[in-house]
Protein chains: 2
Amino acid sequence: MTGPAIQEPSLDEQIAAYQREYGDLDPQVEKVVSALGRLNRRMNVGYGRQLATLGITNAEWEVLKTLVLAGAPYRMGPGELAKRLGLTPAAMTHRIDRMAGEGLVTRDRDESNRVRVIVELTDEGRTKWLEAMRMASDFEGDLLQDLSADERGVLGELLIRVLRRVEDAQPDAGGRLSDLD
Amino acid sequence: MTGPAIQEPSLDEQIAAYQREYGDLDPQVEKVVSALGRLNRRMNVGYGRQLATLGITNAEWEVLKTLVLAGAPYRMGPGELAKRLGLTPAAMTHRIDRMAGEGLVTRDRDESNRVRVIVELTDEGRTKWLEAMRMASDFEGDLLQDLSADERGVLGELLIRVLRRVEDAQPDAGGRLSDLD
DNA sequence: CCTCAAGACTTCAACAGTAAAGTTCGAGGC
DNA sequence: GCCTCGAACTTTACTGTTGAAGTCTTGAGG
């Protein structure tokens, strides 16, 4: 699970190199974009490590989160889950297989409409979610430790403004997670 | 390449749902973290779409960028490339196979030390990189359109401060990209 | 009823990635 | 000068995902 170290130049070196190779670059924009990318990567590494101590993967956590967000009784069809996570239904089938095998969810046909399937969080799944949530909160709080409350607020607002712009341009967010690496 | 639409609740709805299910949540922290995650996802979707018009994938673009950043004559061994991209050498072998087949890079044994392999950007590869770079710059500039120069600066600085904190905690960034979805 | 189109998964084949074993070459001991 | 060790890939087996084809159920017409 844990892998080889990633070695990359410092952010400043990287931006300097881009300017050397591509004169038109706006360093201010590049700074924001590169920092965003790296930060996200590091965060995901952090989540992955913590989740591993609970014996679950990032992928499984995504499913747990989605089911919990739906609210009690924490049920959803595979198709709906796939849409929210940006996966194909085929991938969802396999992921649910695994998670059902691990006891995190159950998978049953809907008796009132036997075409549908209902995935439901088990107590164990909910417990895992809660443990993961606590870890994630601690990690996230720690992440923003160096920022004052005001700065956190500003950061959040700026990010949301940028986010709104992309979401308007990409109303559907077509494409899957795998396009994202 | 383009896939199913991703459907997720609005950020505010999502945060409200988390607070309902997990009382201890700090909404300010969650706002920053969720916005970061979503923004990164949307950006990668955006890159993926633009790159697709050039006939290259996000994965291939990463390799092109890394070779260009190395500077002329744009050469690097597969092992070094793997380290910078956070992939296993095995994955790099395969990726280079494809890219060599498409004419984006060449792969040759180093005649002075025949254990080593040299991957070198072709002219076509460099051209693709340049085209991709132009598209990326446009996209990134557009992304930050709604922010003033001052705001962009603030955003960059705040992100870098957070990034520094994670990088100190994770000096090596152990783990690979695939932990990241 | 009967059929049959549409919807909701599931199955299948191919592909990209990881981990671990295998290969090849270069450098030191003896 | 051989032998072994280590470094740098490559190969192999397996996992997870995609896209396309297949299965099963429901519901609307005839």
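In what follows, every heavy atom counts, from backbone to side chain, and hydrogens, waters and symmetry copies are set aside. Residue numbers start from 1 in every chain, and the chains themselves are labelled A, B, ... in the order their sequence lines are given, proteins ahead of strands.
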Practice item. Report yes if at least one side-chain N or O of R98(B) is closer than 4.0 Å to OP1 or OP2 of dG17(C); otherwise report no. Key: yes
Review point. Quick one: side-chain hydrogen bond (donor to acceptor under 3.5 Å, both in side chains) partners of E80(A), sequence neighbours excluded?
Key: R84(A)
Revision key, fill the gap. The reported gap from CE in M99(B) to OG1 in T106(B) (rounded to nearest 0.5 angstrom) is 11.0 Å
Exercise for review: Would you kindly give the CG-to-C1' distance between N58(A) and dG16(D), to the nearest whole Å?
Suggested key: 14 Å
Review point. Under the salt bridge (Lys or Arg N to Asp or Glu O under 4.0 Å) rule, what pairs show up with a residue in residues 99-108 of chain B, not counting sequence neighbours?
Key: D97(B)-R107(B)
Side-chain polar contacts of residues 133-142 of chain A - donor-acceptor pairs under 3.5 angstrom, sequence neighbours left out - could you list them?
residue	atom	partner	partner atom	Å
S137(A)	OG	M133(A)	O	3.0
E140(A)	OE2	Y47(A)	OH	2.5
D142(A)	OD1	R165(B)	NH2	3.2

Review point. Just how large is the angle between the end axes of the helix from dC1(C)-dG30(D) to dC30(C)-dG1(D), five pairs per end, to 10 degrees?
Key: 20°
Point to revise | Listed once per pair and sorted, the ring pair (Phe, Tyr, Trp, His ring centres under 6.0 Å) pairs that draw on residues 98-122 of chain B, sequence neighbours left out | key: none
Study note, to complete from the structure: Across all chains, not counting sequence neighbours, the side-chain hydrogen bond (donor to acceptor under 3.5 Å, both in side chains) partners of E111(A) are R114(A)
Exercise for review: Keeping to residues at least two apart or across chains, list the ring pair (Phe, Tyr, Trp, His ring centres under 6.0 Å) pairs with something in residues 71-108 of chain B.
Suggested key: none
Check your understanding: Are any of R114(B)'s side-chain N or O atoms less than 4.0 Å away from OP1 or OP2 of dG26(C)?
Key -> no
Review point. Whole Å only: how far is the CG atom of N113(B) from the C1' atom of dC25(C)?
Key: 7 Å
Review point. When the distance from CD of E102(B) to P of dC15(C) is rounded to whole Å, what number comes out?
Key: 13 Å
Check your understanding: With sequence neighbours left out, what residues match D12(B) under side-chain hydrogen bond (donor to acceptor under 3.5 Å, both in side chains)?
Key -> none
Revision key, fill the gap. Readout for nucleotides 7-14 of chain C: B = base within 4.0 Å of protein heavy atom, S = sugar-phosphate only, - = neither; 5' to 3' it is BSSBB---
